[in-house]
Amino acid sequence: MADQKKLTPQGEDFSAWYNEVVLRSELADYSPVRGSMVIRPWGYGIWENMQRALDDMFKETGHENAYFPLLIPMEFIEREKDHIEGFAPELAVVTRAGGKELEEPFVIRPTSETIIYSMYAKWVQSYRDLPVLMNQWANVMRWEMRTRLFLRTSEFLWQEGHTAHATAEEAEEETLLILGIYRKFMEEWIGMPPLTGLKSESEKFAGAVRSYCCEALMKDNKALQAGTSHFLGQNFAKQFDLKFQSEDGQEEYAWNTSWGVSTRLVGGMVMTHGDDNGLVVPPRLAPVQATIVPILRGEDTTPVREKADEVAKRLKAAGVRVKIDARENISPGAKYYELERKGVPYRIEIGPKDLEQGQLALARRLTPEGEKRKAFLPEEEAIAELPNLLEAFQTELMETAIARRDANSVRGVKTLGELEEALEGGAGFVYSGWSGDPAVEETVKESTKATIRVLPGEEFRSPETPSKCVSGNGDSVTEVAWARAY
RNA sequence: CGGGACGUGGCGCAGCCCGGUAGCGCACCUGACUGGGGGUCAGGGGGUCGCCGGUUCGAAUCCGGCCGUCCCGACCA
């Protein structure tokens, strides 16, 4: 709104483009604290819509929300060996409170496994108390060395689910249930189709037995870890004495899972759909799905204003999130640019000509191939059709993203040379066989900057199972998807 | 933490080399005309030049130190 500068084009410098879109579409702003950001109403509205959708899906599958404290005794974090090793460098620690030095320092939660399982231990006595299926919406803090708006901020908002089960099988099932929910949510709501599967040892969560993940491909063909679901085994249960008496009277440790997605998803949305004109927000996530711009010209603007009110009221009744932009200090053209930059899916123009014709002018954020930017529809038809048009736009965004992901995937890579060649050629996910040797990951990372993003789940594997490891040494034990990542 | 760049009205920048009235574009305020893809004209408000010190009659400009930001790398569930 304020400036007339064009955005840096995506192809020129994707990261400059990304920063400009986030700032100038009013999703977020830099805060006075290093590495943390302020989420502005437009960005927060998108996050709220994500929250609502996920929360519904969690509740439908038997999960409940709860809230646990921000501060965690340092000693808790230190109990699980891998956990503290993984998180130690990025902990923010409170050492002073109430005017004096604390005997026991607290850490600002980087994640809440420890404090939550310490409470579960008090609540669970019998197998009849299991499973415990809880989720919390909260902020966490990780003092990362280098930060980027939404993608890696020192403080971020997320949901973290934590469950306890009587058997390993049931916990594993839960882990996969959530992975499926994440995938469905990312596809149907963000239009950001992820690859799902297992993480390699080197990439798994600090303290987990196995980590499953969603990896989505951004427009610059880099992968974004968009969500994780961890099978924790009994690692935490043993450290926090989370035990129960089984049906046959034995004392056993519970089996845990934890899973989370964060405001990083907003960044993923930006990098999946945005273009050189700014953000494109999928209709289901858009805080405002259609903005009405009344054309206030001539002597008497009352009829146009009244029509705008009436159309807005009827669209609201039809379930469309609609807003009227009747600001008089800026021109209609300036509003169009602003709405495009913010990614509002549809714009409706109502002017004196439309009143005469009994029509509305509809402009979509992305003009379909071969169509004019504005479509003039009879008023009744426009109002009746808009909900369908929004759904169609949503579907189109998802299909476009799937097509792009598949078009940028390279399968059947057999040698390190081919792997490098594919990545240098700008490929997204590159599939190959792998022996399971971490040294191969190291080698590839050094020469290409790419890592194993995921051991793809069944539905993503190549028709032909690779037999040899891409390194040339040994047989392949699993197919893997390589990519450069955020 | 290593390499590089940069800190000047709200935002983006020029001025610095060669010391001498702090400037430009956008934004903002007032008024008029305008209004269907970033309006025009006229008038106006706003800046301890990142901080501390030094040199000098005089420092945005020269010198020293500090702080901060961004990019690349390392780091990162």
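Letters go in sequence order (proteins before strands), and every chain restarts at 1.
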Practice prompt. Give a yes-or-no answer on whether the side chains of A:E349 and A:Y336 include a donor-acceptor pair shorter than 3.5 Å.
Written response: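 Yes, side-chain donor-acceptor contact under 3.5 Å.
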Worksheet item: Side chains of A:E441 and A:S200: do they bring a donor and an acceptor to under 3.5 Å?
Response: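 Yes, side-chain donor-acceptor contact under 3.5 Å.
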Taking the [atom1] atom in each of [N] and [M], what is the distance between them to the nearest angstrom?
N      : M      : atom1 : answer
B:rG20 : B:rG15 : P     : 14 Å
B:rG35 : B:rC41 : P     : 16 Å
B:rG68 : B:rA32 : C1'   : 46 Å
B:rA42 : B:rC26 : P     : 12 Å

Of the listed nucleotides ([options]), which one gets closest to any side-chain atom of [X]?
X      : options                : result
A:S331 : B:rG35, B:rC71, B:rG39 : B:rG39
A:Y337 : B:rG37, B:rG35, B:rG36 : B:rG37
A:R341 : B:rG38, B:rG36, B:rC70 : B:rG38
A:E340 : B:rG37, B:rG36, B:rG73 : B:rG37
A:P352 : B:rC76, B:rG37, B:rG36 : B:rG36
A:K445 : B:rC70, B:rC75, B:rG73 : B:rC75

Worksheet item: Out of A:H230, A:K204, A:K199, which residue meets the side-chain hydrogen bond (donor to acceptor under 3.5 Å, both in side chains) rule with A:S211?
Response: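 So, applying the side-chain hydrogen bond (donor to acceptor under 3.5 Å, both in side chains) to A:S211 and each of A:H230, A:K204, A:K199, only A:H230 qualifies.
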[atom1] of [X] versus [atom2] of [N]: gap in Å, rounded?
X      : N      : atom1 : atom2 : result
A:L23  : B:rG12 : CG    : C1'   : 13 Å
A:R327 : B:rG35 : CZ    : P     : 19 Å
A:D13  : B:rC71 : CG    : C1'   : 9 Å
A:R148 : B:rC76 : CZ    : C1'   : 14 Å

Discussion item. Applying a 4.0 Å non-hydrogen cut-off, can you work out what A:E90 is touching in the nucleic acid: base, sugar-phosphate, or nothing?
Written reply: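 Sugar-phosphate contact only - A:E90 comes under 4.0 Å of backbone atoms but never of a base.
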Discussion item. What's A:T111 touching, base or sugar-phosphate or nothing? Going by heavy atoms closer than 4.0 Å.
Written reply: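 Here A:T111 touches the bases of the nucleic acid.
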Worksheet item: Going by the angle between their ring planes, with limits at 30° and 60°, are A:F58 and A:W137 parallel, tilted or perpendicular?
Response: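 Plane angle between 30° and 60°, so tilted.
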Discussion item. Angle between ring planes, A:W189 versus A:F185, binned at 30° and 60°: parallel, tilted or perpendicular?
Written reply: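 The rings of A:W189 and A:F185 lie parallel, inter-plane angle below 30°.
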Determine which nucleotide pairs with [N], using a 3.5 Å limit on both distances of a Watson-Crick or G-U wobble pair.
N      : answer
B:rC49 : none
B:rG58 : none
B:rC11 : B:rG25

Practice prompt. Check if the side chain of A:R347 and the base of B:rG36 share a donor-acceptor pair of N or O atoms closer than 3.5 Å.
Written response: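 Side chain to base: no pair present.
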Fill in: Residue whose nearest RNA chain B nucleotide is more 5′ - A:L355 or A:K449
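Going by which nucleotide is closer to the 5' end, it is A:L355.
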